[in-house]
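One structure below.
Order of the sequence lines sets the chain letters (A, B, ...), proteins ahead of strands, with each chain counted from 1.
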Number of protein chains: 2
Amino acid sequence: MARGRPPAHTREQVVDAAIGIADVEGLAAVTMRRIAQDIGAGAMSLYTYVPDKDHLVDLMVDRVGGTVTPVPITGDWRTDLLALAGSQRALMRAHPWLPAALPNRRLIGRNMLTYLEQGLAALDPTGLPAPVKLEIIALITGLVATFVTAELAGSAPAPEQVALIGEAVAGGGLPHLAAALAEGAQGSGPPGEPDFDRLAGWTITGLVTQALSS
Amino acid sequence: MARGRPPAHTREQVVDAAIGIADVEGLAAVTMRRIAQDIGAGAMSLYTYVPDKDHLVDLMVDRVGGTVTPVPITGDWRTDLLALAGSQRALMRAHPWLPAALPNRRLIGRNMLTYLEQGLAALDPTGLPAPVKLEIIALITGLVATFVTAELAGSAPAPEQVALIGEAVAGGGLPHLAAALAEGAQGSGPPGEPDFDRLAGWTITGLVTQALSS
DNA sequence: CTATTTCCAGTACGACGTACGATAATTGCG
DNA sequence: CGCAATTATCGTACGTCGTACTGGAAATAG
């Protein structure tokens, strides 16, 4: 049994090395040569374990999806969905490349399916039709990705942008924006951490409530 | 005045050519050489008009943002936000590369600012604090991008995925997913077009309502 | 042992973004 | 007019990417 030369590495090793690089240096730093170097292999050897780079990214997504600790299902959809969103957010913050890599990915692998399963379980008490449940899950995922992307971009809007905005506002024709800036300038600092729970809570509660009442 | 050799093209020509390519063949097909070929220039000539490719994508985003017909402000936030979301959706469907290009972009240029202005105007009657208004606008944009991405991916889940899902479900351990599939299989066909208005309406109404009541 | 199977990895190709530098076109000054 | 100064054009070239190809290395089956 097991004829031929035995593999020197495993698919998981390759995927984990890619994830490690992406976590620290970003998705753009993940190249086949770089991965090979990290695990001590020739660049072309990777193609024994992975068909191509695109598929590798799919595998990366699915693998980190398997690292989330499953959230407990209490039976209260609001609590459970919020917990699910929170665990997703934690995942995306631990792997900042994830929000960017997520769109346009075929959800290959079981881990993405177990995420769906959890979402469906959380929404079970609502009694909504299955397609609506799936839509709500997709929307929540998108919301979390949007939020985390904004979060990771940092609240510092870069000096060049401040200049641009100030200039445009001074040029006139944007009264509400000018008012918002003025209000923001004299307002308090950033509200801090609980922003996510607040916004996600609003969206989840609002979305499900509306869905139930229609 | 205007010393030196006169430019043979304009920045707008370059950006428009890039948009034209992206619309038809996707963002990946937008290369400097390809753009140059389309407008009849040498590849390096483009750098007279654009500092680098990354900036070019910024310009593409801002330029298509200027093509949206401004939505009328009725004073009813629900109607106005829904119209704004609808116009964004139309824009993203006309330029399918937009949802993918949008994240991680500095919002350079006035067109993005006028979009913000419109959102703020729509939210004006709510009397919410300015930062909350901006958060809501960002969330709605993210929602539209998520929805359109899903829309453009097509409702056909590709045979390989169907096989994967079926297999995983048959393996057990995913009861809610199995139930959802069963329910979906015997259910009616796709609800069709009004999906967007329905989902966006739920989210917008729910989000703003929740924000107002807290 | 030999044959077979499997994996390893060097070389190489085409495409990418773009730095560099020679060349061309235009204006201002004499 | 000619001649510098200025600005745009674009061919060439470099380093990097994904990956096709290929010959060699390491294991098992007989």
When you check the phosphate oxygens OP1 and OP2 of [N], does a side-chain N or O of [X] lie under 4.0 Å from one of them?
X	N	answer
S45(B)	dA8(D)	no
Y49(B)	dT7(D)	no
T48(B)	dT9(D)	yes

In Å and rounded to the nearest 0.5 Å, what is the [atom1] to [atom2] distance from [X] to [Y]?
X	Y	atom1	atom2	answer
R63(A)	I19(A)	CZ	CD1	6.0 Å
W97(A)	E25(A)	CH2	CD	14.0 Å
L81(A)	I204(A)	CG	CD1	5.0 Å

Using atom [atom1] of [X] as one end and atom [atom2] of [N] as the other, report the distance to the nearest whole Å.
X	N	atom1	atom2	answer
R34(A)	dC17(D)	CZ	P	10 Å
Q37(B)	dA15(C)	CD	P	12 Å
I39(A)	dC7(C)	CD1	C1'	13 Å
Q13(B)	dA8(D)	CD	P	15 Å
D54(A)	dG18(D)	CG	C1'	11 Å
M32(B)	dC14(D)	CE	P	21 Å
R33(B)	dG14(C)	CZ	P	13 Å
Y47(B)	dT9(D)	OH	P	14 Å

Is [X] touching bases, backbone alone, or none of the nucleic acid, heavy atoms closer than 4.0 Å?
X	result
A8(B)	sugar-phosphate
A43(B)	nothing
A36(A)	nothing
G4(B)	base
V50(A)	nothing

If you pin G40(A) and M1(B) to their nearest nucleotides in DNA chain C, which one's is more 5'?
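The residue closer to the strand's 5' end, by nearest nucleotide, is G40(A).
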
Pairwise 5' ranking along DNA chain C for P7(A) and A2(B), keeping only the more 5' one:
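That would be P7(A).
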
Would you check if L56(A) and Y49(A) make a side-chain contact, meaning some heavy-atom pair closer than 4.5 Å?
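No. Closest side-chain heavy atoms not under 4.5 Å.
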
Which nucleotide wins on minimum distance to the side chain of R5(A), given the candidates dC10(D), dT18(C), dA25(D)?
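The listed nucleotide nearest to R5(A)'s side chain is dA25(D).
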
Selection from dA25(C), dG17(C), dA29(D) that lies nearest to any side-chain heavy atom of R3(A):
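Closest of the options to the side chain of R3(A): dA29(D).
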
Are E183(B) and K133(A) close enough for a salt bridge, meaning some N to O gap below 4.0 Å?
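Between K133(A) and E183(B) there is no salt bridge, as every charged N stays at least 4.0 Å from the carboxylate O atoms.
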
What heavy-atom pair brings R110(A) and L174(B) nearest, and what distance separates the two atoms?
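The answer is NH2-CD1, 4.1 Å.
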
Taking the nucleotide of DNA chain D with the closest heavy atom to each, which residue, T31(A) or M44(A), is nearer the 5' end?
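The residue whose closest nucleotide sits nearer the 5' end is T31(A).
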
A28(A) or P6(B): which one's nearest nucleotide on DNA chain D is closer to the 5' end?
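Its nearest nucleotide being more 5', the pick is P6(B).
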
